[in-house]
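I have placed the structure first, in the form of structure tokens, so that the comments after it can refer back to it.
The figures here come from the full heavy-atom set of this structure, side chains too, leaving out hydrogens, waters and symmetry mates.
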Amino acid sequence: MSNDLDVRPPSTRAPRRRVSLADRIALRVGMSLIIWSRRTHHVRYAADHATRLRLDRERRQREVDLLVHGAVMRMWR
């Protein structure tokens, strides 16, 4: 037995509500942010202790190199 609510088309006599431009822009921006955040979601991998130490050592070395380079450039001026 079918239900009339499932078969009947939507009423076309209902008054159509206008959506403001600000609401449409907000919806578009919000949906874009949701899609962007899902595309750019990166799962962090589990690194072992040795890898963490190596990455930390490399990061500190880059920071030291940057500081030394900045000091040399100041002295060169």
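Looking at Leu66, Val68, Leu67 one by one, the single match for side chain to side chain contact (heavy atoms under 4.5 Å, CB included) with Val64 turns out to be Val68.
Hydrophobic clustering keeps Trp36 apart from Leu27 (ILVMFWY residues linked when any side-chain heavy atoms are closer than 4.5 Å, directly or through intermediates).
Atoms CZ and CD, from Arg54 and Glu58 in turn, are 5.0 Å apart once rounded to the nearest 0.5 Å. Here CH2 of Trp76 is found 10.5 Å from NE2 of His69. Values are rounded to the nearest 0.5 Å.
For Arg60, the salt bridge (charged side-chain N to carboxylate O under 4.0 Å, His left out) partners two or more places apart in sequence, or in a different chain, are Asp56. With sequence neighbours left out, the side-chain contact (heavy atoms from CB on, under 4.5 Å) criterion links Leu53 to His49, Arg57.
For CZ of Arg59, the number of neighbouring non-hydrogen atoms (other residues, nucleotides, ligands) closer than 6.0 Å is greater than 12.
Note on residues 21-35: no pairs pass salt bridge (charged side-chain N to carboxylate O under 4.0 Å, His left out), not counting sequence neighbours.
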